[in-house]
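Single-structure report; data block below.
Chain identifiers are assigned alphabetically (A, B, ...) following the order of the sequence lines, protein sequences preceding nucleic acid strands; residue numbering begins at 1 within each chain.
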Protein chains: 2
Amino acid sequence: MEAQTFPARLPAGFADGVFPAGCPSRTVLDHITSKWGVLILVALSEGEQRWSELRRRAEGISEKMLAQTLKTLENDGLVHRHARPVIPPRVDYSLTDRGYELTALLVPLVAWAYDNAGEILKTRP
Amino acid sequence: MEAQTFPARLPAGFADGVFPAGCPSRTVLDHITSKWGVLILVALSEGEQRWSELRRRAEGISEKMLAQTLKTLENDGLVHRHARPVIPPRVDYSLTDRGYELTALLVPLVAWAYDNAGEILKTRP
DNA sequence: TTAGGTACTCACCTTTTGGTAAGTTAGGGG
DNA sequence: CCCCTAACTTACCAAAAGGTGAGTACCTAA
C-alpha cells in the first residue's frame, strides 16, 4: 500500500476516501454508466448519427429506452439533438464538447471490457 | 466526421459500430459500471480494505448490496478476498492485477464525474 | 385514397433491483 | 452463562427499470 504507486488519484473532494451519499457526482455517474448510456455515448464517439442508426447500433435497445437515454444525455449537456424539419422526420445526434471529453474516458473502458470479457467469463466459478 | 480526430478507437470487434446484443462484454460492462461496483473498485484503488471500511466509504450501501457486489467482482477476478481465521472475523479486500488495471480507467471517470457534476446539474432543464 | 417512412409518446405489465430487519457463526470477556 | 463483535445470509417487500404494442404526426408517392 505504501510501496505501490497507483496510476490515478481521486479528486480532493474524496480526500478521506468516502463517497458521500448525496454527492451530485452520484447522479452523473448513474447517467453515464447506465446500461444504454455507455453504448450510446460510445456509438456517438464515431460521429453524428441519426435515431434509427443509433437504434441499430445499440442492438437490443427498445425505442422507449433509446428515447429516454438520449433525453437524459441531452439534458446533461453531453449529447446534441438536431431535428431537421423534413418529412419523414430526420433527427441527428452528436456529442457536445463535454460529451466528447467524456467519451475519451469511456471508449477505453468499453474497449477494456471487450478485450477482457472472454478471459473474465471463462474463469468464472 | 472526416475532419475530426477522435481520441480513442473501439476494438476491431466493433468495426461496424454495432454493439451485439449477446456480446460477453455487455455482462462485464454491467458489472463494472454498476452503481456500487464502480465505487467499490475505486475505493479499493486506494489499497486493501476490510469489509467494514468499504461499507463506510461507499456511503449508503446496504450490507446486502455490499456482499453481492463484492461477490460479483470477486467472481470476475477483479477483487481478491482474504478472510483471516480470527474471531470476530476479519476479511480484507484488495484489487487483483486485473482489477488494478481496470481502476486505471475507472478512477479518471469518477474524477471527471465529480469535477463536472456541478456544471452538469446546474445547467439541467 | 391510401400506404409508407421516421421519430417519437403512452399505457400497461413484467422483471429486476434494492432496502429492511432478522438470523447466523464462533470464540473471548465479564 | 450470556453477550459482544464482524462479516455475512436470508426472507420478504417496495421501488424502479425496462419491454410490448399501440398510437401520433406529417408529407410524399402510388
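In this entry the distance linking CH2 of B/W51 with P of D/dA7 reads 8 Å, nearest Å. If you measure from atom CD of B/Q68 to atom P of D/dC8, you get 14 Å, rounded to the nearest angstrom. Taking atom CZ on A/R55 and atom C1' on D/dG18, their separation rounds to 13 Å, with Å as the unit. Summarising the geometry, the separation between CG on B/L70 and C1' on D/dA7 is reported as 11 Å, rounded to the nearest angstrom. Rounded to whole Å, the distance from NZ on B/K64 to P on C/dT24 is 19 Å. The distance between atom NZ of A/K35 and atom P of D/dA17, rounded to the nearest whole Å, is 13 Å. One can place CD of A/E53 at 10 Å from P of C/dA7, the figure rounded to the nearest angstrom. The CZ-P distance, from A/R90 to C/dG4, rounds to 22 Å in whole Å.
For A/K71 and C/dT9, the shortest distance from a side-chain N or O to OP1 or OP2 is below 4.0 Å. Between A/R50 and C/dA7 there is a side-chain polar atom (N or O) within less than 4.0 angstrom of OP1 or OP2. For the OP1/OP2 pair of C/dA7 and a distance below 4.0 Å, the side-chain nitrogens and oxygens of A/S52 include at least one atom meeting the criterion.
Mapping B/P89 and B/M65 onto DNA chain C by nearest heavy atom places B/M65 closer to the 5' end of the strand. If you find the closest nucleotide of DNA chain D to A/I61 and to A/P88, the one lying nearer the 5' end belongs to A/I61. A residue-by-residue look at A/S62 and B/E63 shows that B/E63 has its nearest nucleotide of DNA chain D further toward the 5' end.
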Could you walk me through whether A/E63 and A/W51 pass the side chain to side chain donor-acceptor pair (under 3.5 Å) check? CA-CA 9 Å; A/E63 300 201 330; A/W51 164 278; 4.6 Å; no
Apply side chain to side chain donor-acceptor pair (under 3.5 Å) to the pair B/Q68 and B/W36, showing each step before the final yes or no. CA-CA 10 Å; B/Q68 200 176 108; B/W36 298 115; over 6 Å; no
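Across D/dT20, C/dT20, C/dT9, the shortest atom-to-atom separation from the side chain of A/A67 is found for C/dT9.
Under the side-chain hydrogen bond (donor to acceptor under 3.5 Å, both in side chains) rule, B/E53 has a single partner from B/R55, B/R57, B/Q49, which is B/R57.
Using a 4.0 Å heavy-atom criterion, one finds that A/R81 contacts the sugar-phosphate atoms exclusively.
A/E119 has a carboxylate O that lies under 4.0 Å from a charged side-chain N of A/K122, or vice versa, which qualifies the two as a salt bridge.
Summarising the local packing, CG of B/D97 is surrounded by 12 or fewer heavy atoms from other residues, nucleotides or ligands at distances under 6.0 Å.
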